[in-house]
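Worksheet for the structure shown next.
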Amino acid sequence: MKATKKQELFMQEAIRIASENIKSGNGGPFGAVIVKNGLIIGRGANSVTSENDPTAHAEVMAIREACKNLNSFQLNDCELYTSCEPCPMCLGAIYWARPSKVYFAATREMAAMAGFDDSYIYNQIPLPPLERDIPTRQLILENAITVFDEWVLTEKKIPY
């Protein structure tokens, strides 16, 4: 799709963040911005290695900042611009945050050529838990469902 001038500016900012992140040595070559009403309300750069946090991907960091700035756990009417196609973890976070649109520049195949191959994770997700490479087993406890029963009954919940 051909970008509008504004979309191009926002994507260029995500790419600039990724480039600056490489130069600073803070993490991988990924950047993201979140936009609402034509203004950037969240920025994020990959800081996995500098923060020793495997969840500190650019999209997640931008979501955290935007949500803090909006004082909300949802990104309604927001757009996310990211320098690369989101990985499975980021895609999950994006769906939980519920922006209206997501735009990416580089593809996951391009990232794989640079050593960031998410295909392994994409291939693990559809497997039944017992067939995944990381042992994933259910521990059956009688009270496992009780917290969900409590959730259904509480008047303090905020649905998400």
Side-chain angles (χ1 to χ4, degrees), residues 1-129 131-138 158-160:
M1 123 182 201
K2 178 78 172 138
T4 66
K5 281 287 187 198
K6 278 192 170 188
Q7 289 172 327
E8 188 174 323
L9 287 172
F10 295 134
M11 188 60 76
Q12 288 298 341
E13 177 62 6
I15 293 168
R16 185 198 66 75
I17 291 169
S19 179
E20 285 298 315
N21 204 47
I22 296 166
K23 293 171 187 154
S24 72
N26 285 330
F30 304 98
V33 296
I34 296 176
V35 175
K36 184 167 186 159
N37 298 327
L39 298 172
I40 294 175
I41 60 165
R43 287 178 168 80
N46 179 287
S47 55
V48 169
T49 56
S50 62
E51 300 211 8
N52 293 317
D53 179 353
T55 68
H57 288 203
E59 297 91 337
V60 172
M61 302 303 277
I63 288 169
R64 289 174 183 167
E65 183 174 285
C67 286
K68 183 182 265 188
N69 288 335
L70 291 175
N71 195 31
S72 175
F73 56 87
Q74 305 263 264
L75 296 175
N76 299 327
D77 303 316
C78 293
E79 296 177 343
L80 187 147
Y81 293 80
T82 181
S83 62
C84 187
E85 184 176 356
C87 76
M89 177 188 68
C90 291
L91 195 57
I94 290 164
Y95 271 85
W96 280 112
R98 295 179 179 90
S100 60
K101 292 184 180 132
V102 176
Y103 300 100
F104 65 90
T107 65
R108 66 173 108 161
E109 292 80 13
M110 293 171 178
M113 289 188 295
F116 297 94
D117 191 356
D118 298 334
S119 63
Y120 170 74
I121 300 169
Y122 277 106
N123 292 334
Q124 288 287 301
I125 290 171
L127 295 176
E131 294 178 24
R132 295 181 186 148
D133 289 345
I134 296 176
T136 306
R137 309 285 187 265
Q138 179 186 17
I158 299 172
Y160 62 96

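Contact check on Glu65 versus Lys68 returns no salt bridge, with no Lys/Arg side-chain nitrogen under 4.0 Å from an Asp/Glu carboxylate oxygen.
Residue Ile17 comes nearest to Gly31 through the heavy atom pair CG2-CA, 3.9 Å, listed as atom of the first residue, atom of the second, then distance. Of all heavy-atom pairs between Leu70 and Cys78, the closest is CD1-SG, 4.0 Å. When all heavy atoms of Gln124 and Asp133 are compared, the pair lying nearest together is OE1-N, 2.8 Å. Annotation for Ala93 and Val60: closest pair CB-CG2, 4.2 Å, computed over non-hydrogen atoms. Lys2 and Gln7 get closest at one heavy-atom pair: O-OE1, 4.3 Å. Minimum heavy-atom separation, Ala18 to Ser83: CB-OG, 3.9 Å.
In this structure a side-chain-to-backbone donor-acceptor pair under 3.5 Å is present from Arg98 to Tyr160. Put simply, the side chain of Ser47 never gets that close to the backbone of Ser50: no donor and acceptor are under 3.5 Å apart. Gln74 places a side-chain N or O within donor-acceptor distance of the main-chain N or O of Trp96, the cut-off being under 3.5 Å. Between the Arg108 side chain and the Cys87 main chain, no donor and acceptor come within less than 3.5 Å of each other. Although no hydrogens or angles enter the test, the distance criterion places a donor-acceptor pair under 3.5 Å between the side chain of Asn21 and the main chain of Asn46.
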Checklist entry - Step by step, would you call Leu75 with Ile34 a side chain to side chain contact (heavy atoms under 4.5 Å, CB included)? => result CA-CA 9 Å; Leu75 296 175; Ile34 296 176; 3.6 Å; yes
Checklist entry - Given the rule in the side chain to side chain donor-acceptor pair (under 3.5 Å) test, do Glu59 and Thr82 qualify, once you have shown the distances and angles that lead to the verdict? => result CA-CA 7 Å; Glu59 297 91 337; Thr82 181; 2.9 Å; yes
Checklist entry - Tyr81 and Glu13: side chain to side chain donor-acceptor pair (under 3.5 Å), yes or no, with the steps? => result CA-CA 9 Å; Tyr81 293 80; Glu13 177 62 6; over 6 Å; no
Item to check | Derivation of the salt bridge (charged side-chain N to carboxylate O under 4.0 Å, His left out) call for Lys36 and Glu79 | outcome: CA-CA 7 Å; Lys36 184 167 186 159; Glu79 296 177 343; over 6 Å; no
Item to check | Chi angles and distances behind the side chain to side chain contact (heavy atoms under 4.5 Å, CB included) call for Leu39, Val35 | outcome: CA-CA 5 Å; Leu39 298 172; Val35 175; 5.8 Å; no
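Atom CG in Asp117 sits 9.0 Å away from atom CD in Glu109 (nearest 0.5 Å). Note that the SG atom of Cys90 and the CG atom of Asp118 stand 8.5 Å from one another [nearest 0.5 Å]. In this structure, the separation between CE on Met110 and CZ on Phe104 is 9.0 Å, given to the nearest 0.5 Å. To the nearest 0.5 Å, the span separating CD1 on Ile40 from CZ on Phe10 amounts to 5.5 Å.
Few gaps surround OH on Tyr120; more than 12 heavy atoms of other groups in view lie less than 6.0 Å from it. Within 6.0 Å of OH on Tyr95 lie no more than 12 heavy atoms contributed by other residues, nucleotides or ligands.
The closest side-chain heavy-atom distance from Ile63 to Leu80 is below 4.5 Å. Looking at Lys101 and Asp77, their side chains never come closer than 4.5 Å, going by heavy atoms from C-beta outward. Pro29 places a side-chain heavy atom less than 4.5 Å from the side chain of Phe116.
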